[in-house]
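Heads up, the thing below is written out as structure tokens.
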Amino acid sequence: MESAEVARRFLTFFEERGHTVVPSASLVAEDPTLLLVPAGMVPFKPYFLGQRTPPAPRMVSAQKCVRTPDIDEVGKTTRHATFFQMLGNFSIGDYFKEGAIPFAWELLTRSEADGGFGFPEDRLWVTVYQDDDEAADIWHREVGVPAERIQRRGLADNYWHMGVPGPGGPCSEIYYDRGPDYGREGGPVADEDRYLEVWNLVFMQEQLSKVRSKTDFDIAGPLPAKNIDTGMGLERMAAILQGVDNIYETDTLRKILDRAAELTGSRYGREHRADVSLRVIADHVRAGTMLVADGVIPANEGRGYVLRRLLRRAIRNLRLLGGRETGMMHELTAVAIDVMGQQYPELIRTAANIHAVIDAEEERFSQTLRTGTAIFDQAVAETRRAGRTTLAGEQAFTLHDTYGFPIDLTLEMAAEQGLKVDEEGFRRLLEEQRRRAKADAAAKKTGNLDVSVLGQLLDQAGGRVDFTGYHDVSGEARLVGLMVNGASVPAAGPGTDVEVVLDRTPFYAEGGGQLADQGVIRLGNGARIEVRDVQSPLPGLIVHRGTVRDGEAQAGDSAFAEIDVERRRAISRSHTATHMVHAGFRRALGESAAQAGSENSPGRFRFDFTSTGPVPPSVLRDVEDEVNEVLINDLDVRAFHTSLEEARAMGALALFGEKYGEEVRVVEVGDYSRELCGGTHVARSGQLGLIKVLGESSIGAGVRRVEALVGIDAFRFLARESVLVAQLSEQLKARKEELPERIAGVVSRLREAEKELERLRSQQVLAVAGSLAEGAKDVNGVAFVAHRVPDGTTADDLRKLAVDVRGRLAARPAVVMIAGVPKDRPVVVVALTEGARERGLKAGALVGVAAKALGGGGGGKDDLAQGGGANPQAIGDALAAVERAVGSA
Ligand code: SER
């Protein structure tokens, strides 16, 4: 039974039993707690939790999933795949155990002829959670499974949750006995190789608040209803039904595997190491193809990194098998698209995009491999020479940092050489580099590179400058230190550019996409500092950058800091607007609209996000419309602190890789948007007034930029547009709503007129054909026509005229040569009748003669040829040269 048929049967069986078929969701999870969809139930989670109403109480799906924690096991075992499909039936408060168990049994044991999977009853075993008598009873009494084939297991095996806070419940698993050749007697508790798990029925009934491990979690309480979530791995089922030993040999994966073997000239089933490589390639190419189809792009972090790793591992394994430089991934991707296209027709529709992304990654990685491998070999040699067995962290770091060699690859290649890698050392260097880069970037902005001076200032400020700007726009403070040109100074006179540190400040330092505040700091002695920029070069330190006016700034003086309130308000409006528009895009485009940076300036904001293609104008309009509608509902904007886990559980969007256990600040706009954010915002969404999205564009590999206006700037923009439209309406004497049609009419009439003009010119050119033929000169018994058309005549018309004149002279040996200057450069066309060719003349050769005179080249067939040159003045010479050539033939 083909894989696609396994899925079809599953869906049909449950559809016939009142289930609504729900199409697979994208692999890119909408759920902010997940990178990619790892289980079939993910799209159903909000229904279990009672957060959303399901489309129907009974549903069934075949869901695409990606799991990579066991990536190293792929190919080595029989059943690890990074991409797989999970078949499942779901009940939201409808049937529970009494329904799910008999359904499962019926589908598994019903004969193949009858639409089932045809398993013999005596080959099936089941497990239940240790104290789940209810499930055990249903299996035994209602279904008739003998008591000795029902086994009880603990939390580790028979309780299912997502590994993060969410729904969970005890489960019951169904196993297929592959027979004594595969292992020991005794059911799944004794041997999970012989007894293969085929289906997991989860009785979703609890809400988990904290999850520390598989078996250690807190239950917050019952879910709103008792639900069913089942999962059957399509690949594993297909392997059993196709009578093959492992999932890589099932119909779909096998085709990719075979093609990989063919391309690399290897043979599957001969040698273990090569077999593993072939399986890895088949699995990873398929997973990569499916991820790209769902909009993931190779990157160095997040899901882009998962994809990059899969593709690069596939490429590396191709190389291990002796694969040639590039192009193989293209062929394998084509097979993957072909085999998966049956179930996912969008793969075929977007094949060109998928190829573009994967081909580019192959190219990039080949380059990396070429340089990196040489450096790696050197590092290995050095390590061996020194009699060590561990590659130094520094070497791994250089490979990563200078040659873009991923650490996983270094680890893997080292293992192949029997060496270890000082991974901890590597991570330490990486972390140091990140810190340095951050401090450098900030220090560059403040014009100061000496971190020790900054450290001192931070100490003087008591280890941390208090930021009061979430609530206050001005306030008393003390000037704890100043710097001029990066050096600490006790005082600075009027006109001096300084960097100033206060013990507390309402000034926001640029960060998180929000621009810095500007304003003034007034000192106790009457001096003023105009603040133009504010940066935070070290965590906890806030540095104001500006110029001293009216007196001298002295360390230790009392200060009164005051920000430019209008500017701050406008920036805050932009920041809140960014959150809202971002939420709007995620609603419209899904999780894939992951933010990749933003800038909130007064009245204007932009944000970047990853996407394979342009966002359609209709989506831009819809998002803009929705956000404007939401903002006039005047939602409360609220900021609060909580743990990262709590924030995630609430669905807050985290953007910059916060760490587990950290306290974070969450900003929410009503129920519409919730993000981790340290910036300043308006108090109510109504304060934004209006948002106008200006447009979107590409800013490089897979990243789009949306730009928008907010508040009065948005209004002024629209007002200007309105004036413009009024002017057009006036000029075209049309009502505004008629403008598009009127303009389209004008443009189309213009085009027609141009075409007509072109036609008339062409007619005029061709009109001379008759008289040219009549006036043909006799050159050595050949009718010879040489003519120069008016400048601007197209090359096409040149050719037409030549052919027309030749047609009129068809009965005689004739050479027709037409020359002209379509644009700046001369062009000649030579056409010969059959009679002329019989005399040994060739159009190509004659054009050569002409082109030589014109300072260019050309060519063509014996009967018609075209050439050109650089010098229009030489056309007369060219005509004469051809005439001479004909005469001397
Ligand atoms: N959630 C369960 C699993 O993933 C059943 O769908 O195994």
For this session: Could you go through the side chain to side chain contact (heavy atoms under 4.5 Å, CB included) check for Asn633 and Tyr672 one step at a time?
Result: CA-CA 11 Å; Asn633 287 340; Tyr672 191 69; over 6 Å; no
For this session: With the side chain counted from C-beta on, respond yes when Glu362 and Leu311 share a heavy-atom pair under 4.5 Å apart, and no when they do not.
Result: no
Exercise. Can you find a pair of side-chain heavy atoms, one from Leu347 and one from Met290, that are under 4.5 Å apart?
Worked result: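 Yes, their side chains come closer than 4.5 Å.
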Salt-bridge present ([X], [Y]; N to O < 4.0 Å):
| X | Y | result |
| --- | --- | --- |
| Asp608 | Arg704 | no |
| Asp797 | Arg761 | no |
| Arg364 | Glu361 | yes |
| Arg749 | Glu752 | no |
| Arg568 | Asp564 | no |

Exercise. Using the ring of each side chain (for Trp, its six-membered ring), is Phe607 parallel, tilted or perpendicular to Phe585, with breaks at 30° and 60°?
Worked result: perpendicular
Sequence-distant partners of [X], side chain to side chain contact (heavy atoms under 4.5 Å, CB included), two or more places apart:
| X | answer |
| --- | --- |
| Ala851 | none |
| Ala639 | Arg665, Val667 |
| Gln763 | Arg759, Leu760 |

Surrounding [atom1] of [X] (heavy atoms of other residues, nucleotides or ligands, distance under 6.0 Å), is the total greater than 12?
| X | atom1 | value |
| --- | --- | --- |
| Glu562 | CD | yes |
| Arg532 | CZ | yes |
| Glu730 | CD | no |

With distance as the sole test, does [X] use its side chain to make a donor-acceptor pair with the main-chain N or O of [Y] at under 3.5 Å?
| X | Y | result |
| --- | --- | --- |
| Ser24 | Lys64 | yes |
| Ser574 | Arg604 | yes |
| Gln514 | Thr680 | yes |
| Arg806 | Asp863 | yes |
| Arg567 | Ala516 | yes |

Problem set entry | Between Gln535 and Arg545: side-chain donor-acceptor atoms closer than 3.5 Å | no
For this session: Return yes if a side-chain donor-acceptor contact under 3.5 Å exists between Ser601 and Arg606, otherwise no.
Result: no
Exercise. When Lys692 is tested against each of Glu707, Glu721, Glu624 for salt bridge (Lys or Arg N to Asp or Glu O under 4.0 Å), which residue passes?
Worked result: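 Answer to the salt bridge (Lys or Arg N to Asp or Glu O under 4.0 Å) test with Lys692 among Glu707, Glu721, Glu624: Glu624.
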Please give me the minimum heavy-atom distance between [X] and [Y], naming the atom from each residue.
| X | Y | result |
| --- | --- | --- |
| Val534 | Asp517 | CG2-O, 3.4 Å |
| Leu307 | Ile297 | CD2-C, 3.7 Å |
| Ser673 | Ala583 | CB-CB, 3.7 Å |
| Gly689 | Leu631 | O-CD1, 3.6 Å |

For this session: Check step by step if side chain to side chain contact (heavy atoms under 4.5 Å, CB included) holds for Val765 and Lys800.
Result: CA-CA 9 Å; Val765 169; Lys800 272 194 209 139; over 6 Å; no
Problem set entry | Of Val357, Val28, Ile358, Val296, the residue whose pairing with Leu291 passes side-chain contact (heavy atoms from CB on, under 4.5 Å) | Val296
Problem set entry | CE-CD1 distance between Met817 and Ile875, expressed to the nearest 0.5 angstrom | 8.5 Å
